[in-house]
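In what follows, a structure is listed as structure tokens, so that the remarks can point back to it.
The first residue in the sequence is number 1, and the count goes up from there.
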Amino acid sequence: MSNLFDQRAARYATLGLVAKLPGAVIDGIWAVIDDDLQGVVQLPRVLQFALISRSGCVTVVFDSKHQTILEFDLPEPYQAAFPETVAVLDDGHQQTMMLVDELTV
């Protein structure tokens, strides 16, 4: 694939991530990539998102190399057990969302 994070590419989430984060939050992060980031900022091969609580719900924070910080509120309830950071890798063929400690580039 020539375009990073093309929504038509195969997408996966690791078992480690699925064990710690509900599917609705994972789907919400994919939607942020597709609907809010694609075409707005240049996306590198690896994206990192912080997950924070705002009014009891999940807020996804994307830092574009310290140039722009974008925050996206999801309607999903936040839980303290959620990972602090999630990574998404596009290897040119498929995209994988994972815990940061699972990332090997």
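- To the nearest 0.5 Å, atom CG of residue Leu51 and atom CD of residue Gln79 are 11.5 Å apart.
- To the nearest 0.5 Å, the span separating CG on Leu4 from CG on Asp91 amounts to 10.0 Å.
- In terms of modelled atom types and a separation under 3.5 Å, the side chain of Gln95 and the main chain of Asp6 share a donor-acceptor contact.
- Looking at Gln38, its side chain does come within 3.5 Å of a backbone N or O of Phe5 through a donor-acceptor pair.
- Between Ile69 atom CD1 and Asp63 atom CG the span is 4.5 Å, to the nearest 0.5 Å.
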Give the intermediate values and the outcome of side chain to side chain contact (heavy atoms under 4.5 Å, CB included) for residues Val58 and Phe82.
CA-CA 10 Å; Val58 176; Phe82 286 173; 3.6 Å; yes
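- Tyr12 is not connected to Leu17 by any chain of hydrophobic side-chain contacts under 4.5 Å among Ile, Leu, Val, Met, Phe, Trp and Tyr, and they are in different clusters.
- Contact record, Met97 with Val86: CG-CG1, 3.4 Å, taken as the closest heavy-atom pair.
- The shortest non-hydrogen separation linking Pro83 to Leu21 is CD-CD1, 4.0 Å.
- Pairing each heavy atom of Pro75 with each of Cys57, the nearest pair is O-SG, 4.2 Å.
- Pairing each heavy atom of Val100 with each of Thr85, the nearest pair is CG2-CG2, 3.4 Å.
- Considering CD1 of Ile26 and CZ of Arg11, their distance stands at 12.5 Å, rounded to 0.5 Å.
- One finds the CG atom of Leu43 at 5.5 Å from the CZ atom of Phe62 (value rounded to the nearest 0.5 Å).
- Between atom CD of residue Glu102 and atom CG of residue Leu89 there is a gap of 11.5 Å, rounded to the nearest 0.5 Å.
- The heavy-atom pair separating Arg54 from Thr59 by the smallest distance is CB-OG1, 3.2 Å.
- Minimum heavy-atom separation, Phe72 to Asp36: CE2-CB, 3.3 Å.
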